[in-house]
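Note that the structure is predicted; figures quoted are calculated from it, not measured.
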Amino acid sequence: MKELFQGAVKFREEDFNEHKELYESLKKHQEPHTLLITCTDSRVVPNLITNSLPGDLFVIRNMGNLVPPYLGKNKGIRDGYLATTSAIEYALVILGIKNVIICGHSDCGACSAIYEPLEKLENAPYVQKWIELLEPVKQKVDALKPNSKAKRTWLMEQMNIEHQLENLMTYPFVEERFDRGDLNVYGWYYIIETGEILNYNMIKREFKTINQIKKESV
């Protein structure tokens, strides 16, 4: 904890002063341009990997960068995963954000945990319940019969991003904005050990490294 306290002092004395005018402008309102839904993994640092400033991103983090599927208006409010879905609703309906990125990553613990025996997570019932949302992805991956654990992991992490994009589009307030051209939706796959970020092309259904993407293919 000593390092964190020292970091807090350094931020106030150095980093804050560097962007003092920006922080002053953020005092009473926020106007983020992008909603970033990503994993709670400590190795994924949204503002760092996007080179963005405070106020740019509205960030939702959960294990596995999951978007629970739409359950219907009444059932969703009663039985849904409100922490994630209410934040998505707030970002789009209240803040009027026009870009959404679902960002998964390599070596994702949630994507691995869905393959673990139930007894391994018997002391983590909330984790068990949450990763049940990954079961449809697991079924899709298993149907492809990957011939190695490494390939299975690679498929699971990337197909998870595709699936969460599909879940996102089940929400009427998302679909309506997307169909009107008022919302841009992206899927990213961040490779921790290389720093590469792959963008998912929803038309071609493939990932490409961002520095190789032409504007018209996004």
Side-chain angles (χ1 to χ4, degrees), residues 35-41 43-44 60-72 75-76 79-85 88 100-172 174-175 178-179 183-194 196-210 212-213 217-218:
L35 165 61
L36 181 69
I37 303 171
T38 193
C39 189
T40 50
D41 194 296
R43 298 166 294 178
V44 181
I60 299 172
R61 304 189 70 153
N62 62 51
M63 289 188 304
N65 40 272
L66 307 184
V67 176
Y70 181 63
L71 300 176
K75 184 172 172 49
D79 302 327
Y81 296 85
L82 297 186
T84 294
T85 54
I88 295 172
V100 180
I101 299 171
I102 297 178
C103 181
H105 66 95
S106 61
D107 192 43
C108 179
C111 288
S112 297
I114 192 65
Y115 281 96
E116 297 291 349
L118 288 177
E119 54 268 22
K120 189 166 183 178
L121 293 174
E122 61 183 356
N123 294 323
Y126 296 109
V127 173
Q128 277 190 23
K129 178 63 177 176
W130 179 252
I131 65 172
E132 284 178 3
L133 291 169
L134 282 167
E135 187 60 37
V137 187
K138 180 178 181 291
Q139 292 176 11
K140 291 178 183 178
V141 171
D142 290 346
L144 296 175
K145 299 180 180 180
N147 55 16
S148 69
K149 184 177 179 180
K151 186 172 182 179
R152 186 187 74 187
T153 299
W154 180 260
L155 288 170
M156 185 71 195
E157 291 166 351
Q158 295 197 1
M159 292 179 72
N160 178 44
I161 296 167
E162 296 178 51
H163 187 75
Q164 304 317 316
L165 288 168
E166 293 169 3
N167 281 352
L168 180 68
M169 296 302 296
T170 64
Y171 288 83
V174 175
E175 185 180 27
F178 184 80
D179 288 345
L183 184 66
N184 303 305
V185 178
Y186 305 94
W188 283 10
Y189 181 66
Y190 169 50
I191 304 176
I192 294 170
E193 64 270 28
T194 66
E196 291 175 286
I197 299 177
L198 281 59
N199 183 75
Y200 180 65
N201 186 306
M202 296 176 69
I203 298 174
K204 295 181 179 179
R205 301 182 70 86
E206 65 181 11
F207 285 90
K208 278 192 176 182
T209 306
I210 283 181
Q212 297 176 350
I213 291 176
S217 67
V218 177

Task: SG-CD1 distance between C108 and I161, expressed to the nearest 0.5 angstrom - done: 9.0 Å
Open item on the list: Test your reading of the model: is there a side-chain donor-acceptor pair from E206 to the backbone of N201, 3.5 Å cut-off?
Closed with: no
- [ ] Would you mind telling me which of L35, I102, I101, L168 makes a side-chain contact (heavy atoms from CB on, under 4.5 Å) with V185?
- [x] L168
Open item on the list: For a side chain to side chain contact (heavy atoms under 4.5 Å, CB included) check, start with the C-alpha distance between Y200 and R205, then their side-chain angles and the critical distance, and finish with the verdict.
Closed with: CA-CA 7 Å; Y200 180 65; R205 301 182 70 86; 3.3 Å; yes
Open item on the list: With rounding to the nearest 0.5 angstrom, report the CD1 to CG distance, I210 to L198.
Closed with: 8.0 Å
TODO: Could you tell me whether W154 and F207 have their ring centroids closer than 6.0 angstrom?
DONE: no
Task: Which atom of I60 lies closest to which atom of T84, heavy atoms considered - done: CD1-O, 4.0 Å
- [ ] Give the C-alpha distance, both sets of side-chain angles, the deciding distance and a yes or no for side chain to side chain contact (heavy atoms under 4.5 Å, CB included) between N167 and L133.
- [x] CA-CA 11 Å; N167 281 352; L133 291 169; over 6 Å; no
TODO: Measure from the side-chain N and O atoms of S106 to the backbone N and O of I192, and report whether any donor-acceptor pair falls under 3.5 Å.
DONE: yes
- [ ] Could you pull out the closest heavy-atom pair between Q128 and L118, with the gap in Å?
- [x] NE2-O, 3.2 Å
- [ ] Kindly indicate whether the side chain of Y171, heavy atoms from C-beta on, has any atom under 4.5 Å from the side chain of T85.
- [x] yes
Open item on the list: Counting C-beta onward and ignoring hydrogens, is there a side-chain heavy-atom pair between W188 and T38 closer than 4.5 Å?
Closed with: no
Task: Student check: side-chain heavy atoms of L66 and N160 closer than 4.5 Å - done: yes
Task: Gap between atom OH of Y70 and atom CD of E175 - 0.5 Å precision - done: 10.5 Å
Open item on the list: For the backbone of Y189 and the side chain of Q158, can you confirm whether one donor and one acceptor N or O come within less than 3.5 Å of each other?
Closed with: no
Open item on the list: Would you compute the distance between atom NE2 of H163 and atom CD of E135 and round it to the nearest 0.5 angstrom?
Closed with: 10.5 Å
Task: N/O donor-acceptor pair under 3.5 Å between E196 side chain and I191 backbone - done: no
Task: Distance (rounded to the nearest 0.5 Å) between E132 CD and L134 CG - done: 10.5 Å
Open item on the list: Measuring only between side-chain heavy atoms, which start at C-beta, is M169 closer than 4.5 Å to L165?
Closed with: no
TODO: Heavy atoms only: give me the nearest G104-N65 pair and the separation to one decimal.
DONE: CA-OD1, 3.3 Å
Open item on the list: Keeping R43 on the side-chain end and H105 on the backbone end, is there a donor-acceptor pair under 3.5 Å?
Closed with: no
TODO: Apply side chain to side chain contact (heavy atoms under 4.5 Å, CB included) to Y115 and M156, showing your working.
DONE: CA-CA 10 Å; Y115 281 96; M156 185 71 195; 4.0 Å; yes
- [ ] Using atom types as modelled and distance alone, determine if a side-chain donor or acceptor of T170 lies under 3.5 Å from a backbone N or O of P69.
- [x] no
- [ ] Would you check if the side chain of R61 reaches a backbone N or O of D41 as a donor-acceptor pair within less than 3.5 Å?
- [x] yes
- [ ] Answer whether the closest heavy-atom distance between the side chains of Y81 and K129 falls below 4.5 Å.
- [x] yes
Task: Approximate separation, where rounding is to 0.5 Å, of L144 CG and R152 CZ - done: 13.0 Å
